[in-house]
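Notes follow the structure.
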Amino acid sequence: MKWVIAIIKPFKQDDVREALMAVGVTGMTVSEVRGFGRQKGHTELYRGAEYQVDFLPKIKVEVAVNDAVLDQVIEAIRTSGATGKIGDGKLFVLNIEHAVRLRTGESGPGVL
Amino acid sequence: MKWVIAIIKPFKQDDVREALMAVGVTGMTVSEVRGFGRQKGHTELYRGAEYQVDFLPKIKVEVAVNDAVLDQVIEAIRTSGATGKIGDGKLFVLNIEHAVRLRTGESGPGVL
Amino acid sequence: MKWVIAIIKPFKQDDVREALMAVGVTGMTVSEVRGFGRQKGHTELYRGAEYQVDFLPKIKVEVAVNDAVLDQVIEAIRTSGATGKIGDGKLFVLNIEHAVRLRTGESGPGVL
Amino acid sequence: MKTLKNSVLLTLAGLALTPGYAHAENVLNSGDTAWMLTSTALVLFMTIPGLSLFYAGMVRSKNVLSVLMQCFAITALMSVLWTIFVYTLSFTDGGELNPWIGGLENLFLLGIGVDSIKGTIPTTVFVIFQMTFAIITPALIVGAFAERMKFSSMLVFLTLWITIVYAPVCHWAWGGGWMGAKGVLDFAGGTVVHVNAGIAGLVCALVLGKRKGYPTMHMPPHNLPLTVMGAGMLWVGWFGFNAGSELAADGTAGMAMAVTQIATATAAIAWMFMEWMRHGKPSALGIVTGAVAGLVAITPASGYVGPIGSLAIGAAAGIICFLGATSLKRSMGYDDSLDAFGVHGIGGIVGSILTGVFAAKELGGKGFASGIETMGQQIMAQSLGVAATIVYCAVATFIILKIVGAIMGLRVDEEQETMGLDISLHDERGYSM
Amino acid sequence: MKTLKNSVLLTLAGLALTPGYAHAENVLNSGDTAWMLTSTALVLFMTIPGLSLFYAGMVRSKNVLSVLMQCFAITALMSVLWTIFVYTLSFTDGGELNPWIGGLENLFLLGIGVDSIKGTIPTTVFVIFQMTFAIITPALIVGAFAERMKFSSMLVFLTLWITIVYAPVCHWAWGGGWMGAKGVLDFAGGTVVHVNAGIAGLVCALVLGKRKGYPTMHMPPHNLPLTVMGAGMLWVGWFGFNAGSELAADGTAGMAMAVTQIATATAAIAWMFMEWMRHGKPSALGIVTGAVAGLVAITPASGYVGPIGSLAIGAAAGIICFLGATSLKRSMGYDDSLDAFGVHGIGGIVGSILTGVFAAKELGGKGFASGIETMGQQIMAQSLGVAATIVYCAVATFIILKIVGAIMGLRVDEEQETMGLDISLHDERGYSM
Amino acid sequence: MKTLKNSVLLTLAGLALTPGYAHAENVLNSGDTAWMLTSTALVLFMTIPGLSLFYAGMVRSKNVLSVLMQCFAITALMSVLWTIFVYTLSFTDGGELNPWIGGLENLFLLGIGVDSIKGTIPTTVFVIFQMTFAIITPALIVGAFAERMKFSSMLVFLTLWITIVYAPVCHWAWGGGWMGAKGVLDFAGGTVVHVNAGIAGLVCALVLGKRKGYPTMHMPPHNLPLTVMGAGMLWVGWFGFNAGSELAADGTAGMAMAVTQIATATAAIAWMFMEWMRHGKPSALGIVTGAVAGLVAITPASGYVGPIGSLAIGAAAGIICFLGATSLKRSMGYDDSLDAFGVHGIGGIVGSILTGVFAAKELGGKGFASGIETMGQQIMAQSLGVAATIVYCAVATFIILKIVGAIMGLRVDEEQETMGLDISLHDERGYSM
Ligand SMILES: Nc1ncnc2c1ncn2[C@@H]1O[C@H](COP(=O)(O)OP(=O)(O)O)[C@@H](O)[C@H]1O
Ligand SMILES: Nc1ncnc2c1ncn2[C@@H]1O[C@H](COP(=O)(O)OP(=O)(O)O)[C@@H](O)[C@H]1O
Ligand SMILES: Nc1ncnc2c1ncn2[C@@H]1O[C@H](COP(=O)(O)OP(=O)(O)O)[C@@H](O)[C@H]1O
């Protein structure tokens, strides 16, 4: 089982969710994060005090998937999350050693 | 050392924290996330504009634990986090390769 | 490639970001989290109702780095994030199996 | 509010002082009218947005809209009911039943026209000014059942309550009923508004039961700046409540405003120091609650006492309500979510009784009610007013709640409560940041 | 606002009722002045903070400041323009052109001094009271173009609009122009303010086009407590708008306040039940919108109808505006972001027409305009006023927008819209929690 | 506020203009009273919630309650102190010391009853109206020491400050002291309120030192909608401040309201364009700050100048305060957190001096103070008033701070500052979303 972490642009959240559902993913967890990268931030100015804000609002999508569908999932996120402009974000895959569904206590791939 | 990620229901946060403390865990990190899964969301309606909200508020608990106590920790989260109703959430275990305590610079299992 | 998770004090965020940039890191993702640990929390009191708040505001910095620079990155976070007082936080390193840049679709170390 | 008899006397006194100034009864005075139009706006301002923000900031964010909506719907519903039949029940002559309840001659405000005059102001202004009192009183009760009552049941409950409880008590005190006749002094609503709402709140808290998780679960106020903002608005609006209850822009109105300010400030300071001593730190929620307690307590007294009396009443209110909203509530174990009883009930009782003390001329007050000669008698009269309100309100509120509960239930179900009333009852969320 | 002719008559009537009371024309009356100073403050309060919060809560958080800033800048800009030339165009005698537009004699308010009197109040107070109407009218339009219009273009557009659209329509109705002469009743701005702003809003929504993503993307209001708070402030401030339009503290002002309260409450309830029936749940956004619809609809009628009329107008406004802001908008597909047209346009039309019905003496009103004898005639006059405003406003607004658009563009670019106007136009963020 | 001598003259002038109208001194006028009751409510509204929200939105979220609490506690504390002894020191006759300070005859407001009259209003109303000025002045200083001062030290500091600084300066200008006698014009508090608070703020900023991290750390305002909301409330409430300072509902009050509106709007626009030119974009925080600068600057002038003067004063205030709160502060390096000095100090100075210019009859004003003949003399008098206030306030404030600092410290410790004052001083958090 793999833990896929994708950092995407906020307004792409619905597209990515739909793309994931289309390849059979039934669960995911998202959170609001702030990202720093190539995409440039903006300036804020309050009564002459200027702030350079380098962090931009991003959405982090985390989804646990079975190895079998990993490639499909990656492809789904990639195509649905990309706009072709700088700042589209990145996707990282980590290994899950163990998974449990709290409600039932069952573990392993059936959890998803 | 393992990185345990648990997605739980918000009102279970205190129970889970207590259960973890009971098995000797002394540190953890939580954050507010939104989860998508089997549990159905709700509808919102603003002046006739209807929104289907599929993401529900959840709490993500992240806790680094030594391998020796992993099973106890999993069990503690499972029993304290479950209500038996859909949406109780899931728990994932990843491997930690290295850990450092910033204050002292020490690394390894003693960090926890 | 490694996934470095650092839990730091909020007012250290800028220092850590600068230290990371100094060692050549060009991207990172941060989020607001609440941490529980040795550092003691505080009490809140509303019309006689007393709450012990054990969770403190922390910043989670997540940064994917190539293996070659891992040690430098750890050192950078450690020195910039530490104040020497309890609650400075911790740093965990996990393994990344795969990485993709959404915009271009390229994968592997070049992604960073 | 001054009773009409007082009003005539005061006006005559005023005339004596202001030679050549046409301030007679039943002749419209534009200055008095200007002040009463303003006062009406101020008292409405107390409920929306004042009270609703004060309350909304204290609940959890998942219930913020439910509280705002309850206050707003009460405002609208009570206005309509007042127009249709509650005004006439409260303020017209009830004939034989007059000691207990008014008559029906102004149903739908029929008979009240552009040229109708009450005292020195248009009758319409009197009607709407009084309407704002009939709005805020039930809205205060929200504090006791917040975060768990069904919206539909609340509408039914309060429709019955305003008819069966508010209208008669209001008539007793201000509409020509027995309480005014007995010399009970209630300038702006110590019994009619605050004791009434506070007791109804306590009964609601007891009948509905505690919120799920109370008192073990953490339920910190979700947005205290809203609460502090609402408290400031309440304070400002209360000038209309108290000084407006004179129904004229005269010396009594001026003194009512002055003592309101002084008592409120004193109560805020008193609460702050109580908290500082008892808990080691003063809090923003504390000081604003103290101010509200002071506002409540000075309400019945505002047209009758002087600066010294207001310092004393303020200090008493700050200290006693502090104990009521903290120690008493916790020791008794009921869940008066936002302290409708602890602040309004207790503050109203304290203020009503102390009005009997500080109305004394020697203490800088205006003197006792006509026919009353000693402080002891006046305190007895005040206690009688308070006791009658407590007993009648408690019994009637209890019965109404039981009936409504039997027919349609009073509480949302557990899942709705956990989810929050905003989503479960109103399909909307307070914040989407 | 009553026309000046009415004003004289009413005052004389008032005098008859108040023997010995010096309430004559062109003699300053301190009570009337007190009420008009207050009313001016209340109407300003409607825009800042009232309306701006009402609107700001409904947009997405990335645009919250842009809306607040638009309303604030409009307040400042319109005040200056009004002082310099819009007041004189609206309210002085235009000589030959008087049916259509006023003259230039009070440019820069020259000629108006400390001692100038209009009716029974200082002329300065009349000027500033009317200024607050010229502030809120363009501010209402913000609701239609929120979240996408360029700030600079908005300033230019509204400068032209206040001159070319507002000044003449205001003059027609209140400044001595043809509309008043035809017997069109518009007590506080049904046509001048609400139909005018609503139609201009609709034209803006059509010309600017939809927000990116509308209607498929979720755009829930980001902070509904702000909206409910703003609605409460609008309600309170509206007492100055309607009862202040009498320009005196008298029986008509009192009745205007009463019917404002009743109609608003009724509309709120009506909207709530419509929503409850149609969608299964009542919402906070719904009930407050209903209240605003009621406030809008009673505006033209407020000095002319009685309690019964206000119940009817309120109910009609609640139901019809509900349909306007929900079904109509969705079926037509324009993006009137915050329902400037759905609430103000439609509410203004409903209220203006129904004024013709409920002004009837038999229905508790004050009677028809002088020279008008039947309800049919009055309804015709009202319809004429509405139709003229719609046609003139729509055409002129369209032309102004096209010209401004050609010169400097109307909309921000896509990236700015995605980023939010707060950052892209103002270099600031609403919240940094 | 007009001095009492002026008041008599103006009233007599008013009487001449209003034949048959009983508006004599020492006879209660209900219209004037109505307006002053309202004005009192409006000025209180400026502090709570107005100013406290304006400030609270600008600090970091961890300090939001501390600022709200400071303003609220100041409101309560100053009310009590005013009642006990500050009123009498400010406004009664000080006998031999009268040029410098008042006497003690109204300690605890003894001697002031329901029937006491001051001018044409109840003395109680005068007392409470003036109390609201003694509330807002110290509250303004909060802007300079926000986010770092100890709450307990603040209470002690301001108790001394209101006694040692405010009471005498108020007496000088309005209570019969030397400043009024010299012909210094200060209608509503240019020197007494704004220069006084601004200078005290500057001294606080210098003595307390910078906030930890200032100016390198990012400290963006945490909730600008609160700030914009507060600014709107300040604007509305300021009508009571300026037009209320006439103590009557007459032509001067009307003109005071008009020029307040015009100057404020002009200053807002001026600041907006300055920012647009200098930084490329106009901001919401900018335009609202500009409005406050305009309100400040027109304050001393409001009863003396006409529309043209108000346009000029507004423009000057917008531009000069913009430079004060941006360039000057940054170049000097002090940390006047929320620009108490940059806006109130500088705005007060600009307005006070320019009052000497635009009071001129030829510029549409009411003319110079009695005994003063040329603009040069009036400007000298104004400068004298400003200079005396600056010097006295700066020295006295400095000494008080040093004493309080020596006894109990002025600042919270580093850890408390990092944690935020809400948790560390008040055991509560602003938001728990
Ligand atoms: N090394 C990294 N570790 C963690 N997150 C990263 C890293 N690099 C980029 N990100 C995240 O991806 C987002 C987009 O990256 P950016 O460099 O701006 O554009 P792009 O993905 O198009 O190259 C960043 O805002 C940040 O949240
Ligand atoms: N594949 C997944 N990857 C990441 N998070 C998941 C995944 N599946 C579920 N979750 C998280 O777990 C929560 C609960 O899941 P759900 O399917 O609703 O109920 P249950 O856990 O009882 O089966 C979701 O809201 C989501 O946050
Ligand atoms: N076992 C753990 N798993 C996850 N996060 C932890 C763990 N222990 C500590 N943390 C995080 O690190 C923060 C600091 O830890 P703490 O024990 O207070 O101080 P220190 O890092 O100085 O030992 C905590 O607030 C928490 O967010």
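Protein chains get the first letters and strands the later ones, always in sequence-line order, with residue 1 at the start of each. Computed over heavy atoms, backbone and side chain alike; hydrogens, waters and symmetry mates excluded.
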Within-4.5 Å side-chain heavy-atom neighbours: A:Phe36 and A:Arg34: no
Segment of C:Ile96 engaging chain A (4.5 angstrom heavy-atom cut-off): both
Point-to-point distance, once rounded to the nearest 0.5 Å, from OG of C:Ser107 to CG of A:Leu91: 10.0 Å
Heavy-atom contact with chain C under 4.5 Å, split by part of A:Phe55: side chain
Full working for side-chain contact (heavy atoms from CB on, under 4.5 Å) between C:Glu97 and A:Leu94: CA-CA 5 Å; C:Glu97 302 198 333; A:Leu94 280 64; 5.8 Å; no
Contacts of residues 7-17 of chain C with chain A (heavy atom under 4.5 Å): C:Gln13, C:Arg17
Contacting region of A:Ile86 [heavy-atom separation from chain C under 4.5 Å]: both
Under 4.5 Å from any heavy atom of chain C - which part of A:Lys85: backbone
Residue pair A:Phe92, A:Trp3: steps toward the side-chain contact (heavy atoms from CB on, under 4.5 Å) verdict: CA-CA 8 Å; A:Phe92 304 102; A:Trp3 185 248; over 6 Å; no
Which portion of C:Thr104 sits near chain A, non-hydrogen atoms under 4.5 angstrom: backbone
Top contributor to chain C interface from A:Ile5, A:Leu56, A:Thr79 [non-hydrogen pairs under 4.5 Å]: A:Ile5
Beyond-backbone contact of C:Leu102 with A:Lys90, side-chain heavy atoms, under 4.5 angstrom: no
Segment of C:Ile59 engaging chain A (4.5 angstrom heavy-atom cut-off): side chain
From CA spacing to verdict: side-chain contact (heavy atoms from CB on, under 4.5 Å), C:Val100, A:Ile74: CA-CA 8 Å; C:Val100 179; A:Ile74 292 176; 3.9 Å; yes
Chain C contact via A:Glu32 - which portion, at a heavy-atom distance below 4.5 Å: backbone
Max heavy-atom pair count under 4.5 Å with chain C, selected residue of A:Glu75, A:Arg38, A:Gln39, A:Lys58: A:Arg38
Please table the atom pairs, donor to acceptor, closer than 3.5 Å between any side-chain atom in residues 62-72 of chain A and protein atoms at least two apart or in another chain.
{"from": "A:Glu62", "atom 1": "OE1", "to": "B:Lys60", "atom 2": "NZ", "distance (Å)": "2.5"}
{"from": "A:Glu62", "atom 1": "OE2", "to": "B:Lys60", "atom 2": "NZ", "distance (Å)": "3.1"}
{"from": "A:Asp67", "atom 1": "OD1", "to": "A:Met1", "atom 2": "N", "distance (Å)": "2.6"}

Nearest atoms (heavy-atom pairs only) where C:Ile77 meets C:Ala6: CG2-CB, 3.9 Å
